[in-house]
Amino acid sequence: MAVTRVPAWLLRHRVTVEPYLGDSAYGPRYGPLVAGVRCLLDQQTRLVRDKTGREVTSSSTFYCQLTVVAPAGSRVTLPDGRQTTVIAALRRDGAGLGTPDHLEVQLT
C-alpha cells in the first residue's frame, strides 16, 4: 500500500497559523487565525532560501498536510508560545507516487 500523506500519528505538534494576506497602509494583513494545526516540528537552525532566492537562517521547520495555508510572511505561534514568520512554504507532492505528500514550512 502506497503512502500518499504524512501519517497522522507523526503529526505530534500543534501550531497556530495566521495566513499572510499582503501589506496595507498599516502594515501586514493576516487572515483568520487557524489554531491547532497538526504538524511535525523540527527546531533546527539551517540556511534556506527565501522567495527572492536570498540565503536566510531558519530556526525551525514544520511539516503538515498539503491542505494547510501558510504562504511566506504568515505568522506562526509555536507550541512554546514563540511567534515566528514563514520564510517559505514548499509543496512536497509526489503526483501520485507512493511518497508522503506534505507541506514543508520554513520559519524565521
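Please read all numbers here as calculations on a predicted model, not as lab measurements.
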Hey, quick one: are Val34 and Phe62 part of the same hydrophobic cluster, counting side-chain heavy atoms closer than 4.5 Å, chains of contacts allowed? yes
Could you tell me whether the side chain of Glu55 reaches within less than 4.5 Å of the side chain of Val48, counting heavy atoms only? no
I need the Ser60 OG to Gln43 CD distance, nearest 0.5 Å. 4.5 Å
For the atom pair CG (Asp42) and CD (Gln106), what is the distance rounded to the nearest 0.5 Å? 11.0 Å
Same apolar cluster: Val86 and Val69, side chain cutoff 4.5 Å: no
Going by heavy atoms in the side chains, are Leu66 and Arg91 under 4.5 Å from each other? yes
Out of curiosity, Arg14 CZ to Leu41 CG, how far, rounded to the nearest 0.5 Å? 12.5 Å
Check Cys64 against Val105 and note the closest heavy-atom contact, atom names and distance. SG-CG2, 4.4 Å
Heavy-atom neighbours of Arg12 CZ exceed 12 at 6.0 Å: no
For the side chain of Arg92 and the backbone of Glu104, is there at least one donor-acceptor N/O pair under 3.5 Å apart? no
Does the Ser58 side chain pair with the main chain of Leu107, one donor and one acceptor, at a distance under 3.5 Å? yes
Taking all non-hydrogen atoms of both residues into account, name the closest pair between Ala89 and Ala70 and its distance. CB-O, 3.2 Å
Test Thr57 against Leu47 for side-chain contact (heavy atoms from CB on, under 4.5 Å), laying out the working first. CA-CA 5 Å; Thr57 302; Leu47 279 179; 3.9 Å; yes
State yes or no: do Val37 and Leu11 share one hydrophobic cluster built from I, L, V, M, F, W and Y residues joined by side-chain heavy-atom distances below 4.5 Å, directly or via other members? no
Measure from the side-chain N and O atoms of Asp50 to the backbone N and O of Ile87, and report whether any donor-acceptor pair falls under 3.5 Å. no
Find the distance between CD (Gln65) and CZ (Arg5) and round it off to the nearest 0.5 Å. 4.0 Å
Exercise: identify the closest heavy-atom pair between Ala88 and Arg49: CB-O, 4.3 Å
By the ring-ring contact (aromatic ring centres under 6.0 Å, His included) test, which pairs, at least two apart or in different chains, include something from residues 85-108? Tyr63-His102
Would you say Tyr26 ends up clustered with Tyr30 if hydrophobic residues are merged whenever their side chains have heavy atoms under 4.5 Å apart, either directly or through other cluster members? no
Value rounded to 0.5 Å, distance of OG1 in Thr77 from CD in Gln83: 4.0 Å
Say whether, by atom type as modelled, one donor and one acceptor occur between the side chain of Ser59 and the main chain of Thr108 under 3.5 angstrom. yes
Any chance you could measure Leu21, atom CG, to Ser74, atom OG, to the nearest 0.5 Å? 8.0 Å
Is there a path of hydrophobic side-chain contacts, each under 4.5 Å between heavy atoms of I/L/V/M/F/W/Y residues, joining Val56 to Leu78? no
